[in-house]
Amino acid sequence: MKNIESKLIESRQYKPDIEFSKKSNLNPSLLKKLNSLYKNNPDEFWSSLAKKEIQWIKGFKSICTGDAPFYEWFKEGKLNISENCLDRHINKNKKAIIHIAENNQKKIISYDELYILVNNFSYALKQIGLKKGDRVVIYMPTIPESIIAMQSCARLGLIHSVVFAGFSSESLKNRINDCGAKVVITVDSFMRNGKIINSKAIVDEALINTSCPSINKCLIYKNLGTEINLNDRDLWWHEILPSKRKIVKPEAMSSEDLLFILYTSGSTGKPKGIIHSTAGYLLNCIITNKWVFDLKDNDIFWCTADIGWITGHSYVVYGPLATGATILIYDGAPTFPKPDRFWDIIEKNKVTIFYTAPTAIRTLMKLGEDLPEKYDLSSLRLLGTVGEPINPKAWIWYQLKIGNNRCPIVDTWWQTETGANMIAPIPGITHTTPGTCTQPLPGIEIGIVDEDGNDINEVNQGGNLVIKKPWPSMLRGIWGDKKRYLDTYWKKYNNNFYITGDTARKDAYGNIWIMGRSDDVVNISGHRLGTMEIESAIVSHEYVAEAAVVSYKHEIKGEAIHAFVTLKNNFINYNSVEFSGELKAWVKKKIGSIAKPERISFSDSLPKTRSGKIMRRLLRNIARGEDVTGDTSTLENESILDQLKNIL
Ligand code: PRX
């Protein structure tokens, strides 16, 4: 692990605000009790939480069973997540969703209304023949109807897979085919940055001819009312709804029945369909919303994540609704029409808890450092970040300008695979320091280990971040690929620890600092992308012979992509700025704009080792403007070094 060095030492400590913990869900004595219960009796710890937080149709008989790493939680229990999110909050005259569209239209939906909308749509899904276990792909922006679609799937026991509405038709097609979805739900179109995105047309492209044979219906919610092509398989959302209100009994799901599949990038070209089950996922969602976000039912919680990502699943759709809070969703760009949009929404809607990504904070800080001062942000009481390390400068700005030095900041570390926050401060209790996600939550056993799986005990010495004990919301596998599940997450340490793929260090206070990834995954604006996935997209262009993608530090995005490309002999003259632009657009079309390389360098060949492996370390050095380290004697052609440095 010698090569994992820590260069960033930040020591500013922020004391917790004792006043905050006087009113919060977790106070120091409760936290102490929880930790000691976990230490003395982990089964009792999880079992008491599961009984308290979840409404069960039938009680569970065991806590965690199964052989590593195929753990099962709360077996024989029966429950329904939609019932937990909706039925138990009706008749209380409570707002569930405040929706703000990019064009400023505002819609408020109460729990009672949401309950009816979900029941009606569940009825419609049932009428078109969907049955428990069927897969449904949801390709929609973050509007109430996408939440209705997810909740309806959960009500009927359909497994949903939400595909981020910014993904290309090809990415959509691959995901539909991987999970064998029967139905895709989309919108006619939506607005982003003042422009219309025609989702239905993208779906048509994905489904063209027989490219997605499993799909037999496409449901379209009329969002903007733009014109669309209607095919035989297409049905309008509003036309399949029952004419009279229908109540659909929630399906009694077993604890381990699958709730959803969510695709995330790995170190091969093919995204992984991460699968999550019902009871365990719900439990960690609820407790982290209560502990980390101190969520209470009078809060207005705005998590800015799109429903296409895990954060949108756990901290927009499932966790907060199961807790009975009011969620705010904004379906638009943070900078539209001006970079004060977030602050304006917070002021107007009296948001109390705000959760966003460091990239958004950096962008808004850069475009309008003093803009928040024009707004009354005094309704806020807690701030959160997620998705990537937050640099101290952005953290301090967030704390000062948005939180007015009053609001605790929770920097939450977790992954699509973990389902919910794993490492995060408890507001009002944990000391914070800009840049660290601090300490594991009760019930979560984190380790930093060397290549042999031994604990690294030296302060600030980097190692592999692992989770040592199973937890309820852990992934249950990769859809259709048991081997990849074992190889990626368990094999290296003989099924003993869950391998996060991140590297981390622990400081003298026991705080955990995420240092980066140990695999070929890059983190662009808080979104994970596999370098292989981007390389495959580039190489699929007919002019390209070979490509290697690495990341470098980027002021706003955290990391950005630098692609090194070799062209086929007969296209060698295309190493131009124009073609670089064309290639960037090509990647956007193949995957989506988040994967677009920021920089491209063309060279006659790529630097390789004697065994033919691309020298990625050297490419990283170049992309990051560092001295080229290591042996370059194997380079066939020294002159390519200059070519590699030439950015187009
Ligand atoms: O590298 C870590 C980074 O994001 C990865 C997980 O990405 P994804 O599955 O897309 O989920 C993102 C939202 C949960 C992690 O392996 N990451 C996430 N949160 C943090 C972070 N890195 C540093 N600090 C965080 N708070």
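Note that ligands are numbered from 1 as they come in the structure, with each ligand's atoms numbered from 1 the same way. Both backbone and side-chain heavy atoms feed into the values below; hydrogens, waters and symmetry mates do not. Start at 1 with the first residue, then count along the sequence.
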Count the heavy atoms belonging to other residues, nucleotides or ligands that lie under 6.0 Å from NZ of Lys506, then report whether that count exceeds 12. no
Under 4.0 Å from any heavy atom of [X], which atoms of ligand 1 are there?
X	value
Ile514	22 (N), 23 (C)
Arg517	1 (O), 16 (O)
Val386	13 (C), 14 (C)
Asp502	1 (O), 2 (C), 15 (C), 16 (O)
Pro389	22 (N), 23 (C), 24 (N)

So for Asn523 against ligand 1, with non-hydrogen atoms under 4.0 Å, the contacting part is side chain
Pair Arg362 + Glu388: basic N to acidic O under 4.0 Å: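 Answer for the salt bridge query: yes.
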Salt-bridged, Lys557 to Glu598, with N to O below 4.0 Å?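 Salt bridge between Lys557 and Glu598, a charged N being under 4.0 Å from a carboxylate O: yes.
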Quick check with a 6.0 Å cut-off and a 45 degree axis cone: is Lys482 positioned over the face of Phe70's six-membered ring? yes
Could you check whether Arg476 makes a cation-pi contact with Tyr281, meaning its NZ or CZ is under 6.0 Å from the centre of the six-membered ring and within 45° of the ring axis?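 Cation-pi check for Arg476 and Tyr281: fails.
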Criterion side-chain hydrogen bond (donor to acceptor under 3.5 Å, both in side chains) against Tyr315, the qualifying member of Thr412, Asn421, Thr304: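 Single side-chain hydrogen bond (donor to acceptor under 3.5 Å, both in side chains) partner of Tyr315 among Thr412, Asn421, Thr304: Asn421.
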Students should be able to answer this: which protein heavy-atom is nearest to [atom], and at what distance?
atom	answer
atom 11 (O) of ligand 1	Thr416 N, 3.7 Å
atom 4 (O) of ligand 1	Gly387 O, 3.2 Å
atom 13 (C) of ligand 1	Thr311 OG1, 3.5 Å
atom 7 (O) of ligand 1	Arg528 CD, 2.9 Å

Is ligand 1 less than 4.0 angstrom away from at least one heavy atom of Glu388? yes
Indicate, with yes or no, if the rings of Tyr139 and Phe164 have centres closer together than 6.0 Å.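 That pair fails the under 6.0 Å test.
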Do the ring centers of His313 and Phe260 come within less than 6.0 Å of each other? yes
If we check ring-ring contact (aromatic ring centres under 6.0 Å, His included) with Tyr498, which of these qualifies: Tyr489, Tyr493, Tyr71, Tyr485? Tyr489
May I ask you to check if ligand 1 and [X] share an N or O to N or O distance below 3.5 Å?
X	value
Thr412	yes
Gln415	yes
Thr500	no

